[in-house]
Trainee: 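If you scroll down you'll find the structure; I have some questions about it.
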Amino acid sequence: MAERRRDERDERGGRDAREDAQTVGEPWRRRVHAEEADAWDELVVTARRTVSDGLVVGTSGNVSVRVGDIVLVTPSGVRYDRLTPDDTVGVDLDGRQVLGTLLPTSELPMHLAVYRSTDAHAVVHTHAVHATAVSTLVPELPSVHYMSGALGGPVRVAPYATYGTEELAENMLHALADRSACLLQNHGTIAYGNSLDQAFDRTAQLEWMCRLWLTASSVPGLSPTLLSEEQVAEAGERLRGYGQRRG
Ligand SMILES: [Zn+2]
């Protein structure tokens with residue numbers, strides 16, 4: 001079955017998509033389990049949504065999902081619309097690759113740091129434009145909307161460090177304390193959740209709030225009213241209690 005899928009992909013010219021992709025030397029470490037295959041399909045759908053919803057340009061973001069002690073993660077340098085089941089990339093919590101031949105995203109240290117430190121089941125990282133713009137302006141997103149309560153409170157900006165480094169992962173963890181999302185200075189967003197949908201939704205909400213603040217604060221002579229920490233916290237409690245009745 002796997003062979004047949006590879007042949008189909010080659011006929012479609014899928015291999016061209018991998019010209020820029022780096023591969024690791026050893027082939028498949030082991031077979032992909034059924035639960036991992038399902039999670040990979042969902043991961044690919046989520047990664048494509050980050051592009052179609054304008055949160056990611058090209059391959060500038062990355063997505064991961066945890067299945068047991070394995071983290072499935074988007075590979076480095078492969079367009080999401082070209083990803084197939086054969087491209088499944090999996091690492092253990094120490095970053096050792098156990099599935100796939102493509103190289104995991106260079107931002108793997110951030111993803112692993114989140115899984116080691118929280119109960120996250122999924123992580124979404126983007127370079128969304130409004131969020132990244134805000135990350136260059138302030139150390140914390142001003143509380144212009146109560147939806148920051150859904151992310152644990154006012155959203156912090158992690159100080160800049162080179163992408164892909166442990167230093168960036170450490171800065172991110174500090175900014176994520178008691179939060180499910182943060183901004184990365186001059187870089188982008190990271191959010192986690194108990195599912196891919198939740199991590200995606202938090203990313204989209206964060207980008208929307210950043211756009212809201214930029215819009216409100218760009219009116220000459222006026223500055224936006226901000227909510228107090230108590231107001232944000234109260235909204236956060238209601239949002240947790242209300243579940244789907246978000247309003
Ligand atoms: Zn990045």
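Just the heavy atoms: all of them, side chains too, but no hydrogens, waters or symmetry mates, feed the values below. Order of appearance sets the numbers: ligands from 1, and atoms from 1 within every ligand.
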Trainee: Taking atom types as modelled, find out whether Tyr115 and Ser64 have a side-chain donor-acceptor pair closer than 3.5 angstrom.
Mentor: yes
Trainee: Find the distance between CG (Leu93) and CZ (Arg66) and round it off to the nearest 0.5 Å.
Mentor: 4.5 Å
Trainee: Trp40 and Val45: same hydrophobic cluster, using ILVMFWY side-chain contacts below 4.5 Å?
Mentor: no
Trainee: Which protein N, O or S atoms does the Zn ion (ligand 1) have within a distance shorter than 2.8 Å?
Mentor: His125 NE2, His127 NE2, His187 NE2
Trainee: Could you check whether Thr189 and Thr126, counting side-chain N and O atoms only, form a donor-acceptor pair closer than 3.5 Å?
Mentor: yes
Trainee: I'd like to know if Arg156 pairs up with Asp178 as an ion pair, taking the criterion as any Lys NZ or Arg NE/NH1/NH2 lying under 4.0 Å from an Asp or Glu carboxylate oxygen.
Mentor: no
Trainee: Kindly compute the distance separating CD1 (Ile70) from CZ (Arg30), expressed to the nearest 0.5 Å.
Mentor: 5.0 Å
